[in-house]
Amino acid sequence: MTQSVYHIPVKAISGETVDLEQYKGKVLLIVNTASKCGLTPQYEGLEKLYQAKKDQGLEILGFPANNFKEQEPGSDEEIQQFCSLNYDVHFPLFSKVSVVGEDKHPLYQALTAAQPERTGEGPFRERLEGLGIPTNPAPEVLWNFEKFLINKNGEVVARFAPNLTADDEQIVKAVEAELAK
């Protein structure tokens, strides 16, 4: 991606418009999240990674989305309360967005266009389909907790499948490599 994500307006979970430019010079891990998903416990690992690397310049940005089997039905206030009470989340959360379909948020339009392939999918797609869950073709987001790594210039440099947790070696190494630049 030659254009940064900094120009795309987003809304904090508390309601105010946020300029992603404030994260310039930081490494970002952007994740679409959900509170009622089998992958929801990934909040714990994301928070652990955030606490371990935030002082080195990592920011994890959580974007709740209700696109997959309506697994994020709550209001922004309910989502924030859930994340705080159940996972003690301190990384920034944003207002619920759509990550697929005709109403896909411009941030996710940019992310998927910049990095159409994901790392680490393995048999995850087949497991979903085996459960009778239709999946989106590439480059669309496959499921909750897909992760996009953004460099210090705001460019997408990697994309990780939903089933890869924040402590997965591929994610940790990629984050550390970007932080070292």
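- Note: Gln3 CD to Asn153 CG = 13.0 Å, rounded to the nearest 0.5 Å.
- Panel note: side chain Glu78, backbone Ser75; a donor-acceptor pair is recorded below 3.5 Å.
- Between Phe68 and Trp143, the ring planes lie tilted relative to each other; the angle falls in the 30° to 60° range.
- Cluster membership check: Phe82 shares its hydrophobic cluster with Phe94, using side-chain heavy-atom separations under 4.5 Å among Ile, Leu, Val, Met, Phe, Trp and Tyr.
- Looking at every heavy atom in both residues, Asn66 comes nearest to Glu72 through OD1-N, 2.8 Å.
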*Go through the steps to decide whether Glu176 and Gln56 satisfy the test side-chain contact (heavy atoms from CB on, under 4.5 Å), and finish with yes or no.*
CA-CA 9 Å; Glu176 289 176 345; Gln56 298 170 41; 5.7 Å; no

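- Classification of the Tyr108-Phe148 ring pair by plane angle, with boundaries at 30° and 60°, yields perpendicular.
- Residues Glu47 and Gln51 bring a donor and an acceptor atom of their side chains to less than 3.5 Å of each other.
- A side-chain N or O of Asp76 and one of Ser95 form a donor-acceptor pair less than 3.5 Å apart.
- One distance of note links NE2 of His90 with CD1 of Ile60; it measures 13.0 Å at 0.5 Å rounding.
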*Given the rule in the side-chain contact (heavy atoms from CB on, under 4.5 Å) test, do Arg159 and Val141 qualify, once you have shown the distances and angles that lead to the verdict?*
CA-CA 10 Å; Arg159 178 178 180 178; Val141 171; 4.2 Å; yes

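- For Ile79 against Ile13, the heavy-atom pair with the smallest separation is CG2-CD1, 3.9 Å.
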